[in-house]
Every structure is written in structure tokens, then in C-alpha cells.
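Counting begins at 1 with the first residue of the sequence.
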Amino acid sequence: MTGPEKKRLIIEEKCFKPFERFLESEKYSENIYSELEAEGARLCEEYMPDTPHFFLVESARSQAVTIHEYAVVMVYRGMLDLIFNLSSMMAAVTQTPTPPPEHAKMPWQVNMLAWLEERDFWWENEEYWWLHCAEHRTVFDYYVKGLFKFIVLHEIGHQHNLHSRGRVLQSSKDVEAATEDLGDDNPSFMHKVEPDDSDTATLSAKQNIESQAREIVADTYAFQFLVEEMYDDVCCDEEDKGKEAGLALAAAYSALSVAHLYFWGRAALAGQASAEEIGMHGYPSHLFRIHAIEAAFLQHGFAAMCDIPASYAVSTALAQSNHTFATISKRYSFVDWRLGANHPEYEKHYRKICDEVPKWSNGFFGVKDDELFELISKAMEAGLEASPDVPNKE
């Protein structure tokens with residue numbers, strides 16, 4: 001039995017719920033499933049060390065996970081359905097040279113929550129006109145790819161920032177307990193992009209802050225490399241040289257639009273937690289997550305890509321998202337949702353997360369070289385073992 005085959009068997013036994021199985025993309029008539037499967041594998045191979053594996057999972061759960069010890073990232077079909085539903089809304093309302101058909105239907109305008117909760121995306125439905133108009137289908141495919149990349153990169157962010165190792169090494173007691181769980185036949189730590197019904201454990205206030213910090217670190221990692229991915233998508237020809245600043249701005253704007261769409265849609269589904277509740281859960285609110293992404297981008301900017309102020313990209317994307325989402329739904333106002341962050345409790349909570357984030361961040365952010373990554377990991381592990389009481393600096 002090969003290594004990948006053994007991993008699949010253990011994952012099926014230890015991680016899957018009843019009726020879940022690995023998705024066989026070749027059984028779907030739409031090529032998009034095999035294309036996304038190949039894209040997920042490419043991202044893992046490019047950004048993760050060792051020998052990573054990417055799988056799609058046949059399951060209605062709107063979820064994505066990484067299993068650290070196996071260097072595995074998995075995206076569930078329910079998450080793909082959500083991506084298709086969100087991308088449909090953007091494709092239908094985006095202005096293109098070809099206008100929507102007369103009396104074109106927008107099924108989400110009747111009940112957006114029901115639309116976003118819909119599973120088994122109906123590719124054959126002729127009323128999904130945006131799939132059959134070439135220009136609108138291009139917009140649809142663009143957002144599908146962007147959202148999918150963000151989700152996969154988020155899970156890779158947990159791997160890159162060594163969150164499993166950090167959790168093990170938080171204290172000597174944790175090391176002793178967690179070490180018993182590490183082994184070829186028992187995947188220990190899984191990180192999920194969203195909470196689900198199986199997350200019933202009650203965490204302490206300290207554990208909530210640690211967990212939220214890990215999610216923020218993974219989000220900001222995903223966003224940074226999503227900008228780079230989108231930049232590479234548009235800056236691929238010789239004639240693009242000399243236009244780097246404008247293309248970098250376009251890439252950041254597109255990545256922000258993707259992040260706005262994902263977290264706004266997720267917040268509509270989950271409901272907005274009150275400001276007093278934001279520190280009571282292991283996952284930060286979707287509103288908090290998008291603010292953290294924007295704050296990190298405003299702080300670090302475009303790095304070496306260009307000298308344009310990041311604030312220009314953020315303000316432009318905010319204005320466009322507000323206009324677009326108002327067209328999609330009058331009920332779930334983007335502006336009203338964003339204004340919820342003005343509560344003083346958000347600032348207090350943000351400071352707590354900022355204090356915690358360095359403990360869960362890889363100091364060599366953005367490193368992709370396998371050999372350097374291995375050397376860094378060994379050095380960090382040696383330092384932690386020598387000083388177990390020092391906060392984890394991964």
C-alpha cells in the first residue's frame with residue numbers, strides 16, 4: 001500500500017462522518033471539479049513543504065480542513081456549492097458588454113439565505129442564465145477560482161505557521177498529552193476554516209483568544225498570497241512589464257472583493273454576534289476577520305510589488321463592494337454590517353488578538369523553500385524545547 005493510499009484509509013476511518021467519502025471529480029459532467037482539484041494540488045505543492053496532498057470530499061458540509069501531521073488539505077463539496085452560489089450572485093449583477101436577458105431571474109433576491117444554503121449546485125438549470133452567457137460565465141469562473149484559492153491558502157496558512165506544533169508546545173502538560181495522539185494511525189490536529197456542529201468543546205477565555213489568533217494569522221497569510229496569485233494571473237506577458245503598479249493595484253482590489261464576498265456571505269448565513277460575544281468563541285466573527293485582513297494589508301501594503309498606498313485599494317474595494325452587494329440584496333446591507341465594528345468592545349478585542357498573533361506567526365513569513373523551511377522549523381523547535389515557558393513564536 002502506498003503512502004497516499006494509507007493516508008486516505010486513515011482519513012476515511014478517523015476524520016469522515018457517516019456517508020462522507022473522497023470526491024471523484026471525473027464522475028461530474030462539469031470540468032470545474034477536476035480543475036479545482038488540480039488547482040488545490042498545485043497550491044499545496046507550491047506553498048507547502050514535504051509531500052503535501054489535496055483532496056476534495058463528497059459531503060454537504062460547507063467546510064475545509066487541514067490535517068497537520070499528514071500535510072493534507074481537504075475542501076468539502078458543500079464549500080464548493082457555497083462558492084458557486086456566491087459567485088453566481090457576483091456574475092449576475094456585474095456589468096458586462098452583454099446585458100442580462102430580459103426579465104432575467106435572480107433567485108437569491110427572493111430569499112438570499114435559502115440560496116446560500118442550497119446544496120448540489122444545479123448546473124443544468126436553464127434559468128441560471130449567467131452560466132450560459134460567455135461574459136457572465138467568465139465572471140463566475142473568476143470568483144470561483146478566487147474564493148477557492150482563498151479557502152485553500154487559509155488552510156495552508158495553518159500549516160505554514162506551524163499551528164499544530166505550536167498547540168503541542170504551549171506547555172509541558174500539553175506536550176505530554178498531545179504527543180500520545182501523534183502517530184501514523186491517528187491524525188491529531190485538524191484546523192477548519194469555519195466552526196461546525198462537531199465543535200462542541202468549551203474553551204477557556206485564553207483558549208478562545210489563542211484559537212481566534214490562529215484563524216486571523218491563517219486569514220492574513222491567505223490574503224497576502226491571494227494578492228500574489230491574482231497578480232501572477234494578470235501579469236504573465238512581456239507586454240505587461242512596466243505596468244506592475246497598476247496590475248498590483250488591480251490584484252489587491254480583486255483579492256479584497258473576494259474576501260468581502262466570502263465574509264459578507266458567511267455573516268449573512270451565521271448571523272452577527274453581538275459585540276459582547278466576540279471573545280466567547282473559538283472562531284472570530286466574520287466581521288472581525290475581514291477587518292483584520294484589511295488592517296494587516298494597510299500595515300504591510302504591497303511589499304515589493306509597488307509603491308501605491310494600500311489605503312487606495314481598500315477604499316476602492318469597499319465602495320465597489322457596497323454598491324455590488326446592495327444590488328444583490330437590499331436586506332443584508334454591507335454598510336450596516338461593517339458599522340457593527342464601531343463598538344468599543346471590538347477595539348478592546350482587537351488589541352487582545354494583536355498581542356496574541358505573534359505567538360502563532362511564523363517569523364519567516366512567506367518562505368516557500370523546503371530546505372530553508374526545515375532548518376527554520378528545527379531551530380524554532382530547539383529553542384522552544386530549551387525554554388518551554390517562553391511563548392510560542394512560530
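- Taking NE2 from H260 and OG1 from T324, the interatomic distance works out to 11.0 Å, rounded to the nearest 0.5 Å.
- Within 6.0 Å of CD in E126 there are 12 or fewer heavy atoms belonging to other residues, nucleotides or ligands.
- Defined by atom type and a distance below 3.5 Å, a donor-acceptor pair is present between the side-chain atoms of H136 and T96.
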* Is there a ring pair (Phe, Tyr, Trp, His ring centres under 6.0 Å) between F225 and Y47 once you walk through the steps? -> CA-CA 9 Å; F225 286 110; Y47 291 94; 5.0 Å; yes

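- Relative orientation of the F325 and W264 rings is parallel, given thresholds of 30° and 60° on the angle between their planes.
- Note: Y128 and W115 have perpendicular aromatic rings, judged against thresholds of 30 and 60 degrees for the angle between ring planes.
- At least one side-chain heavy atom of Y231 sits less than 4.5 Å from a side-chain heavy atom of L247.
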* Which is it for E30 and R137 under the salt bridge (Lys or Arg N to Asp or Glu O under 4.0 Å) test, yes or no, and what are the steps along the way? -> CA-CA 13 Å; E30 286 286 328; R137 178 60 188 254; 3.6 Å; yes

* Evaluate the salt bridge (Lys or Arg N to Asp or Glu O under 4.0 Å) criterion for residues R8 and E12: first the C-alpha distance (whole Å), next the side-chain angles of each, then the deciding distance (0.1 Å), finally the verdict. => CA-CA 6 Å; R8 288 172 67 104; E12 286 178 333; 5.4 Å; no

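- In this structure, F140 and W123 have perpendicular ring planes: the angle between them is above 60°, well past the 30° mark.
- Judged by a 6.0 Å distance limit and a 45° cone about the ring axis, R21 is not positioned over the six-membered ring of F16.
- The distance between the ring centers of F223 and F150 does not fall below 6.0 angstrom.
- Residues H154 and Y221 keep their aromatic ring centres 6.0 Å or farther apart.
- Residue Y312 qualifies as open at atom OH: its count of foreign heavy atoms under 6.0 Å is 12 or below.
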